[in-house]
2 protein chains.
Amino acid sequence: MYQELYDHIRRYVPLSAEEESVLASNLSHRVLKKKEHLLTAGQVCHANYFIVKGCLRLYIMTESGHEQTVQFAIENWWMSDYNTLGTSRITHVNIQSVENTEIVVLDATLQEYVFTRIPQLERYFRLVLQRAYAAAIMRAQYMLEMREEERYRHFSSAFPGFIQRIPQYMLASYLGFTPEFLSKIRAKKDA
Amino acid sequence: MYQELYDHIRRYVPLSAEEESVLASNLSHRVLKKKEHLLTAGQVCHANYFIVKGCLRLYIMTESGHEQTVQFAIENWWMSDYNTLGTSRITHVNIQSVENTEIVVLDATLQEYVFTRIPQLERYFRLVLQRAYAAAIMRAQYMLEMREEERYRHFSSAFPGFIQRIPQYMLASYLGFTPEFLSKIRAKKDA
DNA sequence: CGCGACGTTGATTTGCCTCAACGATTGTGG
DNA sequence: CCACAATCGTTGAGGCAAATCAACGTCGCG
């Protein structure tokens with residue numbers, strides 16, 4: 001149980017068998033079918049989610065009424081609405097599974113308790129967040145320096161195989177252009 | 001000395017006078033003139049920088065040879081190249097002061113030592129990074145959902161006053177368009 | 001089988017870029 | 001302290017990349 005998470009934590013900090021069990025009693029496990037919602041705009045976000053297997057996406061509804069994918073998360077990444085997590089404010093984002101997905105749920109208040117019992121986890125999350133932040137900055141950089149087509153080519157070479165796991169309209173949205181345009185890019189150079 | 005930083009830390013975690021002095025002996029202070037470089041592509045990034053007063057920007061040189069501003073940081077924010085900080089890899093980014101700026105420098109290796117002496121700082125940085133990450137995600141969202149002109153209007157209403165502190169060409173670059181276009185936006189609706 | 005979701009393709013439009021020339025402002029050295 | 005250069009901002013003409021809109025093909029699923 002939770003083995004993938006333990007392994008991930010051990011990449012960053014030591015974790016004893018005893019600590020594993022403290023952690024285990026504060027976690028829960030959840031299985032999501034494809035396209036199932038984990039969080040919907042208007043709700044309060046209570047937990048941090050670790051992906052064991054599968055893929056989540058975070059999206060918002062734009063004023064013009066279409067879904068704008070803001071983030072993807074795959075195996076060994078955490079996802080949540082960090083803007084409101086730990087507060088009682090409602091979220092404006094939606095989190096949904098892209099494919100059948102298995103996650104570990106760490107409730108925000110339990111997380112605080114776990115930190116008191118396993119102080120090294122504070123370090124683990126600091127390191128995880130530093131990586132995530134660095135990745136977000138890199139993404140901002142790519143959005144700024146590359147044109148649409150270049151972004152697609154860069155993304156597909158950086159994450160080969162991932163392309164086949166997600167519908168094209170979600171990828172187009174994430175990369176900041178239209179599905180029609182993505183279709184035209186592929187028609188051009190896939191040959 | 002370092003009072004602004006102590007105050008900022010105390011927004012998140014307790015900090016005793018004794019811990020202040022442990023911290024102090026591992027920090028240094030630096031004053032930068034406008035446009036001075038703190039980090040240049042090709043160097044190794046050794047430290048994390050806390051802004052006491054002033055403004056830094058992080059930028060890269062694009063293939064076409066122009067400066068692409070990726071981030072700004074102002075009072076009470078930390079800035080560094082988190083992609084390489086703590087490693088011996090060279091950086092590809094530049095960090096430069098926008099105006100006369102005063103910073104606190106926390107060396108990466110000393111930071112590790114300080115964490116062993118003041119474990120609560122691990123928590124402080126976790127919380128700071130969580131906020132920074134949340135802000136970076138919000139920014140990605142704005143880049144995706146808004147058109148160029150809307151981004152400018154949103155930015156200038158979200159950070160009134162900041163506009164006057166930075167040259168327009170840096171702001172245009174940060175927002176993802178050309179200085180000429182920014183000039184045209186302003187001409188349109190400032191009247 | 002038929003419907004809805006997804007992807008493709010083409011015609012047209014448009015928002016923003018590029019390029020170029022011209023002001024305004026700053027700062028620096030004689 | 002002025003002159004000049006360099007930097008920064010403005011304005012306009014023209015071009016192009018990507019959006020929009022619309023129609024059609026295809027696949028999976030109830």
Side-chain angles (χ1 to χ4, degrees), chain A residues 33-37 55 57 59 61-69 72 94 96-100 142-156 162-191, chain B residues 32-37 55 57 59 61-69 72 94 96-101 142-156 162-191:
Chain A
K33 284 210 198 319
K34 186 174 176 173
K35 298 232 163 188
E36 201 173 331
H37 276 84
C55 177
R57 71 164 179 145
Y59 71 92
M61 295 303 295
T62 64
E63 287 199 5
S64 48
H66 83 276
E67 301 179 351
Q68 176 60 62
T69 299
F72 290 111
N94 308 274
Q96 183 195 38
S97 60
V98 174
E99 50 193 22
N100 293 340
Y142 294 143
M143 293 296 290
L144 290 167
E145 74 176 323
M146 295 181 186
R147 309 205 126 289
E148 277 72 351
E149 177 164 353
E150 195 181 358
R151 283 209 291 281
Y152 168 71
R153 306 222 176 273
H154 178 268
F155 186 89
S156 46
F162 183 58
I163 303 288
Q164 287 105 40
R165 293 171 60 179
I166 53 179
Q168 291 196 19
Y169 73 94
M170 286 187 194
L171 178 60
S173 172
Y174 174 81
L175 291 175
F177 46 78
T178 62
E180 291 94 330
F181 185 64
L182 178 51
S183 187
K184 280 162 193 171
I185 295 174
R186 302 190 56 160
K188 203 195 307 185
K189 189 89 180 289
D190 277 7
Chain B
L32 301 166
K33 282 209 199 322
K34 187 175 176 173
K35 300 229 163 191
E36 201 174 330
H37 277 83
C55 178
R57 70 164 180 147
Y59 70 92
M61 296 303 296
T62 64
E63 287 199 5
S64 48
H66 84 275
E67 300 180 352
Q68 176 61 62
T69 299
F72 290 110
N94 307 274
Q96 183 195 38
S97 60
V98 173
E99 50 194 20
N100 293 340
T101 298
Y142 293 143
M143 293 297 289
L144 289 167
E145 74 176 323
M146 295 180 185
R147 314 201 127 290
E148 277 72 349
E149 177 164 352
E150 196 181 358
R151 281 208 293 280
Y152 168 71
R153 306 226 176 271
H154 178 269
F155 185 89
S156 46
F162 183 58
I163 303 289
Q164 287 103 40
R165 292 170 61 178
I166 53 178
Q168 291 196 21
Y169 73 93
M170 284 186 195
L171 179 60
S173 171
Y174 175 80
L175 291 176
F177 46 79
T178 60
E180 292 93 331
F181 186 65
L182 177 50
S183 187
K184 281 162 194 173
I185 294 175
R186 301 190 58 160
K188 204 195 305 184
K189 188 88 178 287
D190 277 6

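Bear in mind that the values here come from a model prediction, so they are computed numbers and not experimental data. Residue numbers begin at 1 in each chain, while the letters A, B, ... track the order of the sequences.
Atom CD1 in A/Ile185 sits about 9 Å away from atom P in D/dA19, given to the nearest Å. A/Glu180 has its CD atom 18 Å from the P atom of D/dA17, to the nearest Å. Note: NZ (A/Lys184) to P (C/dT12) measures 13 Å, nearest angstrom.
Atom CZ of residue A/Phe72 and atom CE of residue A/Met170 lie 6.5 Å apart, to the nearest 0.5 angstrom.
In terms of phosphate contacts, A/Arg147 brings a side-chain nitrogen or oxygen within less than 4.0 Å of OP1 or OP2 of D/dA18. In terms of phosphate contacts, A/Lys35 brings a side-chain nitrogen or oxygen within less than 4.0 Å of OP1 or OP2 of C/dC6. In this model, the phosphate group of D/dG9 is not approached by any side-chain N or O of B/Ser183 to a distance below 4.0 Å at OP1 or OP2.
Side chain of A/Phe181, nearest nucleotide from D/dT10, D/dA13, D/dA19: D/dA19. Closest to the side chain of A/Phe177, from the set D/dA18, C/dC17, D/dC21, is D/dA18.
Applying the salt bridge (Lys or Arg N to Asp or Glu O under 4.0 Å) criterion to A/Arg147, with sequence neighbours excluded, gives no partner residue. Considering only residues two or more places apart in sequence or on other chains, B/Glu99 meets the salt bridge (Lys or Arg N to Asp or Glu O under 4.0 Å) condition with B/Arg165.
The aromatic rings of A/Phe162 and A/Phe155 are tilted relative to each other, their planes meeting at an angle between 30° and 60°.
Nearest heavy-atom pair across B/Arg57 and B/Thr69 is NH1-OG1, 2.8 Å. When all heavy atoms of A/Val98 and A/Lys34 are compared, the closest pair comes out as O-CG, 3.2 Å. When all heavy atoms are compared, the tightest approach of B/Ser173 to A/Leu144 is O-CD2, 3.7 Å. The shortest non-hydrogen separation linking B/Glu36 to B/Lys33 is OE1-N, 2.7 Å.
Residues from residues 166-174 of chain A with heavy atoms under 4.0 angstrom of DNA chain C, sorted by number: A/Pro167, A/Gln168, A/Tyr169.
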Can you list, pair by pair, the side-chain donor-acceptor contacts under 3.5 Å of residues 176-183 of chain B, counting residues two or more places apart and other chains?
from: B/Thr178; atom 1: OG1; to: B/Phe181; atom 2: N; distance (Å): 3.2

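Across the helix from C/dC1-D/dG30 to C/dG30-D/dC1, the helix axis at one end is tilted relative to the axis at the other end by 40° (nearest 10 degrees, each axis from five pairs).
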Heavy-atom protein contacts under 4.0 Å, nucleotides 23-30 of chain D, coded B base, S sugar-phosphate only, - none: --------
